[in-house]
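Worksheet: the structure to be examined is printed underneath.
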Amino acid sequence: GRAEMWPPKLFVVACLFLLAVAPLKAQTPLGIPFPSAVAVDSQGAIYLVGYTMVARLSTTAGVFQPTVPPGGCTESIPSATVCTHGFVAKTSPSGDRLGWAAYLTGAAPDSVSTLAVAGDGNVYVAGTTTSTALVPGPGGNPSGASRLFGAKLSSDDKSLLAATYFGGSGTESIRKLVLDAAGNVYVAGTTASADFPTTPGAYQRTLGASPVSVPFGCKGDSDEFVAKFDPALKNLLLSTLIGTQVVEVTNDFAIGPDGSLYVAATLAYPRDNPCTAPLLTRLNPQGSAAVYSVYVSGYALAVDSTGAAYVASDDRVFGVASPQAYVLKVEPQGNVVVRASLNGWVDSLAAGNGGIELLGHSWPGSLTPTPGAPTACYLWDSDTNRVPYLATLDPSTLVPTYLGYLTSDDAWMITAGRVVAANPYGTLLPYAVLPPGTACRRNRRLHIRRGGLSGRCGGPRRDRLLVRYRDWARSTRACAT
């Protein structure tokens, strides 16, 4: 067949109105779901988790939690705290049908941060809660303090199969949930809890205990952590801290081909920070010793079939004219062997499809798309700091073999070659992707109606859709005429 210039299996979420309550005209940004993470199952169905700040999610019949507890956020919370409600949802592979949607929340602020789908279709999620009882989850968070939680949902979302609280008494967050081949559940995040539970024989059992000399003012109280549970979430099989006296923040986690555990982190205040710390760590599969722990900072991480790690970081300064990022290849023993740079920020990495997939965002003119790839066309009122782009890097040189812009404010890497991008406010298309050479005119709107893209400019958007990236790019030709 004819070769296509577009990356395979790439999708775009045009809007998330299918998860929001009708009538659409009553919606505000607070009522639209804000996804935190996305995953797919073996059949290609798409799962989203996140939070909404108003209890207006259009849940489906028969789910285990169709509504927020009576009154919502009825427990005592600080007046400045926004009341968030966690949610979980599933759509068809094409995104044109909502399979189910449900809350996962209690009577105080909650949020679902990450997820993974098991081979049998059951869904594992993790997040944070301040509810004394996560309804209808595990019984017991009497203090109402912020806690981490994990839960296992049935594939049809009719049952909560298992759930647990974990962590210590300090500030904590979850960054990533990953399943291994045996179905064990790994979660990685950041903790400031001196009483964070660890297991005997773990790599590090005390907060900030690594013997490292730090400059004055660099001493902190947060470390990375990795925890492992059995598939039923009943037994904590491994829990270890990873950190120094510097304030570290976990950004990504991966399991290598031999079961090694890779964690990428940054300093809490990375810009012009005089502190240093080993921020890329590879632990052995037992989590009892480090294969390496090197002075490499990372916001995104991927591991290939040889055990080599790819780590990306950036300057994280918004509003500058030339955003800068770098990508490193670290061989299995911890030596940096390749370095490359990009004029953009980096959000995610994935290894596969013969290359390293990179998802990030940048100014529209900061990156040069490869021939045949979409360029960025944006509206006058768009957030020009957040134009997502997708690149495929050669694993030997880290030079892009493909680079093209996407279409939305936010995007999530699912696997190598598959991305979901979304406008979290769901009201206006912030910018459009146009084929190379197509003029880009401002003050235009792409109209999406039930049944698909209309090809017309102007008018409000309706309640759809996931569209294939190549079809979306072709359809926007009409918006420049």
Taking C-beta and beyond as the side chain, do [X] and [Y] meet within less than 4.5 Å on heavy atoms?
X: Phe253; Y: Arg175; answer: no
X: Tyr292; Y: Tyr262; answer: yes
X: Phe87; Y: Thr59; answer: no
X: Leu153; Y: Tyr47; answer: no
X: Tyr124; Y: Val178; answer: no
X: Leu237; Y: Thr199; answer: no
X: Leu177; Y: Val187; answer: yes
X: Leu342; Y: Leu358; answer: yes

Nearest heavy atoms of [X] and [Y], plus distance in Å:
X: Thr250; Y: Gly189; result: OG1-O, 2.6 Å
X: Val112; Y: Gly86; result: CG2-CA, 3.9 Å
X: Gly344; Y: Ala325; result: O-CB, 2.8 Å
X: Gln204; Y: Thr198; result: O-CG2, 3.9 Å
X: Phe225; Y: Thr190; result: CE2-N, 3.3 Å
X: Val338; Y: Ser396; result: CG2-O, 3.3 Å

Side-chain donor-acceptor pair present, Gln324, Asn343, cut-off under 3.5 Å: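 The criterion, which ignores hydrogens and geometry beyond distance, is satisfied for Asn343 and Gln324.
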
Side-chain donor-acceptor pair present, Glu172, Ser193, cut-off under 3.5 Å: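 Glu172 vs Ser193: donor-acceptor pair found between side chains.
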
Donor-acceptor pair, side chain of [X] and main chain of [Y], under 3.5 angstrom:
X: Arg282; Y: Val291; answer: no
X: Asp110; Y: Gly106; answer: yes
X: Thr171; Y: Ala192; answer: no
X: Thr105; Y: His85; answer: no
X: Asp230; Y: Asn235; answer: yes
X: Thr240; Y: Ala202; answer: no
X: Thr244; Y: Val246; answer: yes
X: Asn122; Y: Lys152; answer: no
X: Asp195; Y: Gly168; answer: no
X: Tyr389; Y: Trp345; answer: yes

Option among Val303, Val336, Val337, Leu301 that satisfies the side chain to side chain contact (heavy atoms under 4.5 Å, CB included) test with Val330: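 Filter result, single survivor: Val336.
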
Contacts of type ring pair (Phe, Tyr, Trp, His ring centres under 6.0 Å), residue Phe229, not counting sequence neighbours: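 Phe229 satisfies ring pair (Phe, Tyr, Trp, His ring centres under 6.0 Å) with Phe166 only.
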
Check against salt bridge (Lys or Arg N to Asp or Glu O under 4.0 Å), Lys329 and Asp304: CA-CA 10 Å; Lys329 180 177 181 178; Asp304 68 17; 5.0 Å; no

Leu179/Asn184 under side chain to side chain contact (heavy atoms under 4.5 Å, CB included): CA gap, chis, key distance, verdict: CA-CA 6 Å; Leu179 305 179; Asn184 296 309; over 6 Å; no

Derivation of the side chain to side chain contact (heavy atoms under 4.5 Å, CB included) call for Val88 and Trp100: CA-CA 8 Å; Val88 187; Trp100 47 258; 3.7 Å; yes

Check against side chain to side chain contact (heavy atoms under 4.5 Å, CB included), Leu349 and Tyr299: CA-CA 9 Å; Leu349 291 172; Tyr299 288 107; over 6 Å; no

Verdict with supporting geometry, Leu104 and Phe149, side chain to side chain contact (heavy atoms under 4.5 Å, CB included): CA-CA 11 Å; Leu104 181 55; Phe149 74 88; 3.7 Å; yes

Results of side chain to side chain contact (heavy atoms under 4.5 Å, CB included) for Ala265 - residues two or more places apart only: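 Only Glu224, Leu279 meet the side chain to side chain contact (heavy atoms under 4.5 Å, CB included) criterion with Ala265.
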
Give, for atom [atom1] of [X] and atom [atom2] of [Y], the distance between the pair rounded to the nearest 0.5 Å.
X: Ser305; Y: Asp258; atom1: OG; atom2: CG; result: 11.5 Å
X: Arg147; Y: Thr164; atom1: CZ; atom2: OG1; result: 8.0 Å
X: Asp394; Y: Thr401; atom1: CG; atom2: OG1; result: 6.5 Å
X: Ser155; Y: Leu161; atom1: OG; atom2: CG; result: 8.5 Å
X: Ser297; Y: Leu280; atom1: OG; atom2: CG; result: 9.5 Å
X: Leu238; Y: Leu236; atom1: CG; atom2: CG; result: 7.5 Å

